[in-house]
Amino acid sequence: MPEGPELHLASVYVNKMCKGVVFSGPVTKSEVSKSPDVPFTCEAYLITAVSRGKEVKLTLTPLKSDGSNQRAKRAQTDQPMDIVFRFGMSGYFTFTTEDELPKHAHLRFHSKENPSRVLSFVDTRRFGSWEPNGTWHSDRGPCIMFEYEKFRDNVVTRLSDRAFDRPICEVLLNQKYFNGIGNYLRAEILFRLKIPPFVSARTALEGHESEDLNENEKPVKTEITARKASHTVKKKAMKEETGDLLRLCHTVPLEVVNLGSGKGYDPTKQDYSDFEAWLQCYYVDGMNSIRDHNGRTMWFTGEPGPMAPKESKSPKAKKRAKTASDNDYTDDNKKMAKGNTKKTLSETKPSHHQVTGSNRKQLEKDKVKSGNGSPAGSQRRSQRLTRQRNLTK
DNA sequence: CGTCCACGTCTAC
DNA sequence: TAGACCTGGACGG
């Protein structure tokens with residue numbers, strides 16, 4: 001599910017499905033979950049949701065009781081409770097009958113109906129979490145979708161922070177500034193502007209102090225400032241055509257929201273084809289991809305940019321489960337045996353960018369493929385998606 | 001069967 | 001800046 005748009009769509013889903021539904025009793029948790037118990041029990045309560053960036057907050061609101069049953073009341077919560085959820089890689093909400101409860105439904109809110117229905121937080125990989133009586137995480141910035149002015153201000157006023165020394169594609173994942181952007185959004189946003197992913201963030205974001213194009217034009221005195229000015233003008237002209245980067249951090253996620261409920265990123269879903277059609281770059285056949293400095297796959301087209309990871313930067317070595325008698329290879333040989341494109345690519349076809357993608361077919365023909373640790377490989381992906389599409393028809 | 005990959009944080013050398 | 005945290009689907013042998 002989970003970048004900003006999916007989190008928001010989840011909140012929309014909860015509000016839609018739970019409107020008018022009365023919940024009752026305790027909030028139950030799966031045995032295996034490490035997230036905290038939710039100390040809330042109430043004879044009758046409502047559930048609403050709101051999202052901010054990559055978090056969703058549920059509010060449990062007790063309904064007024066008539067006070068006739070003092071004993072039952074004592075054990076109950078009569079104050080509203082907020083629970084803040086983070087979805088990790090696989091979290092989502094679903095509202096089902098008890099019978100239809102999915103595997104990995106780790107937190108459950110039971111309706112008062114008979115038979116009861118259940119709002120559940122499902123999270124296959126358990127990277128997600130919740131926090132009873134929680135608040136928006138203090139280290140996360142304003143929501144890119146629904147706090148646009150604050151988001152923008154938070155970036156432009158802190159451009160001098162060291163955080164912006166890094167490549168733009170990596171900074172876009174920094175939730176302190178870009179709360180809601182994730183791996184597919186960064187690719188789509190940079191692709192729209194054809195900004196090389198590994199240019200410095202500060203450079204890419206310069207001149208974003210205002211959205212008004214053509215204000216603050218100043219008289220030029222020297223040649224140097226004249227050149228600077230003309231550079232600025234050019235930048236502004238470019239922005240006029242394409243929209244600036246910060247604005248796209250807002251509008252591109254909203255496009256996904258506007259695909260509608262249940263249409264975000266979820267390859268396992270029936271409806272995945274709409275989202276897939278919306279993608280222009282991420283995992284798209286013909287695009288390039290390389291791993292960034294954090295080992296995340298960056299999808300792009302054109303030049304990677306000057307701050308692209310160097311060859312020496314080892315792609316993530318496959319760690320294998322350790323076995324007692326594992327002496328066939330040295331560590332290095334293991335890595336090679338496991339394969340890892342960056343090395344293989346560079347040895348086969350020297351290039352200072354470890355670019356995969358359009359080169360990939362050729363390289364595969366050249367037998368680079370075995371041991372190819374290339375991130376994803378667009379060809380493979382499209383095959384996989386084709387299969388899924390066929391399966392869902 | 002085994003390997004690689006995935007929409008994201010976290011904390012510990 | 002590596003791992004750690006997890007499950008499961010696609011693919012290769």
Side-chain angles (χ1 to χ4, degrees), chain A residues 1-10 30 32-35 53-56 84-92 102-106 122-131 137 139-140 166 170 172-176 178-188 253 256 263-269 272 275-276 278-279 282-283 289 291-299 309-310 312-323 326 331 334-341 356 364 369-392:
Chain A
M1 264 227 125
E3 296 184 22
E6 289 76 22
L7 279 274
H8 179 70
L9 288 168
S30 74
V32 68
S33 172
K34 289 173 184 164
S35 281
K54 265 186 252 183
E55 297 180 308
V56 168
V84 172
F85 290 79
R86 300 175 193 104
F87 280 18
M89 294 285 264
S90 57
Y92 66 97
K103 203 175 176 184
H104 309 297
H106 295 302
V122 184
D123 182 10
T124 305
R125 296 181 69 184
R126 274 184 274 146
F127 293 172
S129 63
W130 60 81
E131 200 183 326
H137 197 301
D139 291 342
R140 307 186 69 109
R166 323 209 43 170
E170 293 171 15
L172 285 175
L173 294 184
N174 185 337
Q175 303 297 299
K176 188 172 176 183
F178 297 91
N179 187 6
I181 302 294
N183 206 26
Y184 79 72
L185 283 172
R186 71 169 177 173
E188 294 300 314
V256 178
K263 297 273 180 76
Y265 185 177
D266 182 358
T268 65
K269 191 161 10 78
Y272 184 61
F275 178 77
E276 191 198 357
W278 175 84
L279 290 174
Y282 181 79
Y283 250 131
S289 66
R291 288 195 189 270
D292 69 15
H293 294 278
N294 302 308
R296 302 269 257 146
T297 303
M298 179 66 218
W299 290 85
K310 295 295 172 226
S312 58
K313 179 103 199 94
S314 141
K316 62 178 179 196
K318 263 304 90 171
K319 42 186 167 198
R320 13 143 86 177
K322 264 197 139 185
T323 63
D326 193 7
D331 278 356
K334 276 183 204 167
K335 283 177 194 166
M336 288 306 287
K338 294 300 153 189
N340 171 331
T341 316
T356 65
E364 282 175 354
K369 193 179 171 191
S370 74
N372 188 342
S374 143
S378 47
Q379 221 181 344
R380 207 211 280 167
R381 165 68 161 200
S382 58
Q383 283 169 8
R384 193 165 92 215
L385 291 179
T386 302
R387 281 184 196 193
Q388 281 192 349
R389 233 178 288 131
N390 292 341
L391 281 174
T392 58

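On a predicted model such as this, the values are computed, not experimentally measured, just so you know. Below, chains carry the letters A, B, ... as their sequence lines are ordered, and counting in each starts from 1.
- With P as the reference atom, C/dG8 and B/dC10 are 22 Å apart, rounded to whole Å.
- Looking at residues two or more places apart in sequence or on another chain, you find no side chain to side chain donor-acceptor pair (under 3.5 Å) involving A/Asn174.
- Taking 4.0 angstrom as the limit, A/Ser90 places none of its side-chain polar atoms (N or O) nearer than this to OP1 or OP2 of C/dG8.
- Atoms CG (A/Asp292) and P (C/dA2) sit 11 Å apart, rounded to a whole Å.
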### Query
How does DNA chain B look in dot-bracket notation if pairs are Watson-Crick or G-U with both distances under 3.5 Å, crossing ones as [ ], other-strand ones as |?
||||||.|||||.
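- Scanning for salt bridge (Lys or Arg N to Asp or Glu O under 4.0 Å) contacts around A/Glu170 gives A/Arg166, with sequence neighbours left out.
- In the set C/dG8, B/dC5, B/dG8, the nucleotide with an atom closest to the side chain of A/Thr124 is C/dG8.
- For A/Arg125 and B/dG8, the shortest distance from a side-chain N or O to OP1 or OP2 is not below 4.0 Å.
- Side-chain contact check for A/Ser30 and A/His106: at least one donor-acceptor pair (N or O, by modelled atom type) lies under 3.5 Å.
- The side-chain contact (heavy atoms from CB on, under 4.5 Å) check on A/Glu131 picks up A/Arg86, with sequence neighbours excluded.
- The shortest non-hydrogen separation linking A/Asn183 to A/Leu173 is N-CD2, 3.8 Å.
- With sequence neighbours excluded, the residues satisfying side chain to side chain donor-acceptor pair (under 3.5 Å) with A/Gln175 are A/Arg140.
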Under 3.5 Å, which N/O atoms of the protein pair with N/O atoms of nucleotides 9-13 of chain B?
from	atom 1	to	atom 2	distance (Å)
B/dT9	OP1	A/Arg140	NH1	2.7
B/dT9	OP1	A/Arg140	NH2	3.1
B/dT9	OP2	A/Lys54	NZ	2.4

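- Every residue meeting the ring-ring contact (aromatic ring centres under 6.0 Å, His included) condition with A/Phe275, not counting sequence neighbours, appears here in chain and number order: A/Tyr184, A/Tyr265, A/Tyr272, A/Trp278.
- Close to C/dG8, at under 4.0 Å from its OP1 or OP2, lies a side-chain N or O of A/Lys103.
- Partners of A/Phe178 according to the ring-ring contact (aromatic ring centres under 6.0 Å, His included) rule, which considers only residues two or more places apart in sequence or in another chain, are A/Phe151.
- Nucleotides B/dT11 and C/dT7 have their C1' atoms positioned 22 Å apart, rounded to a whole Å.
- Atom pair A/Met298:CE and B/dC7:P shows a separation of 11 Å (rounding to whole Å applied).
- The side-chain contact (heavy atoms from CB on, under 4.5 Å) check on A/Thr124 picks up A/Ser90, A/His104, with sequence neighbours excluded.
- Distance noted for atom P between B/dC5 and C/dG3: 16 Å (whole Å).
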